[in-house]
Amino acid sequence: METLRELLRASLWTKSLSPAQLARIESETLVRDLPVGVPVCRKGEPVEHWIGLIDGLVKMTSVTPEGKTTTFTGLTSGGWFGEGSLLRDKERRYDVVTLRESRVAYMPRATFDWLLDNDIQFNRFLLMQLNERLSQFIAMVEYERLLEPDARVARSLAGLFNPVLYPDQQRDVQLSQEEIGYLSGVSRQRVNQALKVLENAGLVKVQYGRVHVIDLEGLRSFT
DNA sequence: TCATTAAATTGTT
DNA sequence: AACAATTTAATGA
C-alpha cells in the first residue's frame, strides 16, 4: 500500500464510516516515511497516537536496563497497533522499530477517542483485534515450550500474514535470516536449517534477504 | 552497460 | 562465535 487512503480503505473498522468522517480521519492523521532501523515509537514516551502501517515492516521490542533486546513480534503493512497503550497507559511499554523502509500513519489520541465515542464498529474492531493478539501471544508461549525450532520458525512467519491483523495481502517478507531468528527466538544458524526444511516441504521459497510464502495454511499447521 | 568494490547476507563449522 | 562464500547495491569508467 502507498497512501493513507489505501490503508483506511483496507482497514476493517472504516467500513461503516461516512465520507465526511473518513475525510476527518485522513486530515488529522500524520504520515511519516521512515528508513530502516529507526524507532516508530519508544518505550517510556507519552502515548499520543494510534499507529498504522501503510507499508513496510516493523518489530515490537523491549530493551532491558542492561541493554539486552528481546523481540516480541513483527507487524506488517495494513496493521494498526498501540491501542492497548492508548486505552490503558500513560507511557508506552515497548519500542517499535522499522525492519525495512516503512510508511507509518500516526492517528492523534483525540481522533482515536472520537471514534471510540461515536462508532460501534470501531469498538468491535478493537475488541476483535485485542482478542486476536491475545490468542497470538498465548499461542506463542505455548509453542515456545512445546515445538521444535522448525515449527517455531514456521509459525512466526505465518504470524506475519495474519489476515485479521494485517489485511494487506502480500506473500513476501523482506527479512534476513538473522531477523527471522529474533522474531522466532531461534539462532540464525537454526533459522537457516529450518528454512531449508520448510522450502523442501514446499511451504516457502527462500531468496537472498527475503522469504516468499507459498502455502500459508501449511506454515500455520507445520509440526 | 560493464567492471570493480564494499556491505550485507548466507552457509557451514 | 567465527569464517568463507555468495549476493546485492553503489560507484565510476
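Computed from a predicted model, the values in this text were never measured in an experiment. Reminder, nothing fancy here: chain letters follow the sequence lines and each chain counts from 1.
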Atom [atom1] of [X]: over 12 foreign heavy atoms under 6.0 Å:
X         : atom1 : answer
Tyr182(A) : OH    : no
Arg109(A) : CZ    : yes
Lys68(A)  : NZ    : no
Ile120(A) : CD1   : no

Gap between atom CE of Met128(A) and atom CG of Leu130(A) - 0.5 Å precision: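 Rounded to the nearest 0.5 Å, the CG-CE separation comes to 9.5 Å.
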Residue pairs involving residues 145-158 of chain A (criterion side-chain hydrogen bond (donor to acceptor under 3.5 Å, both in side chains); sequence neighbours excluded): Asp150(A)-Arg190(A)
When every nucleotide of nucleotides 5-11 of chain C is labelled 5' to 3' by its protein contacts under 4.0 Å (heavy atoms), B for base, S for sugar-phosphate only, - for none, what sequence of letters results? --BS---
Are Lys196(A) and Glu199(A) close enough, and set up right, to give a salt bridge (Lys or Arg N to Asp or Glu O under 4.0 Å), and what steps lead you there? CA-CA 5 Å; Lys196(A) 282 176 183 163; Glu199(A) 185 165 42; over 6 Å; no
Main chain of Glu2(A), side chain of Glu6(A): is a donor-acceptor contact present, judged purely on distance under 3.5 Å?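 Present.
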Ser62(A) side chain to Tyr94(A) backbone, donor-acceptor under 3.5 Å: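 No; judged by distance alone, with no hydrogens or angles, the pair does not exist.
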Any residue of residues 190-200 of chain A with a heavy atom less than 4.0 Å from an atom of DNA chain B: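 Heavy-atom cutoff 4.0 Å gives Asn192(A), Lys196(A).
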Residues of residues 172-182 of chain A with a heavy atom under 4.0 Å from any atom of DNA chain B, listed by number, are Ser176(A), Gln177(A)
Quick check: do Ser102(A) and Val40(A) have side-chain heavy atoms less than 4.5 Å from each other? no
Identify, with sequence neighbours excluded, every residue that meets ring-ring contact (aromatic ring centres under 6.0 Å, His included) alongside Phe122(A).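 Result, ring-ring contact (aromatic ring centres under 6.0 Å, His included) vs Phe122(A): Trp13(A), Trp50(A), Phe112(A).
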Strictly below 4.0 Å, N to O, side chains only: are Lys43(A) and Asp95(A) in salt-bridge contact? no
Rounding to a whole Å, what distance do you find between Arg100(A):CZ and dA8(B):C1'?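 Rounding to the nearest Å, CZ of Arg100(A) and C1' of dA8(B) are 16 Å apart.
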Return the polar atom pairs (N/O with N/O) between nucleotides 3-6 of chain B and the protein under 3.5 Å, or none.
none

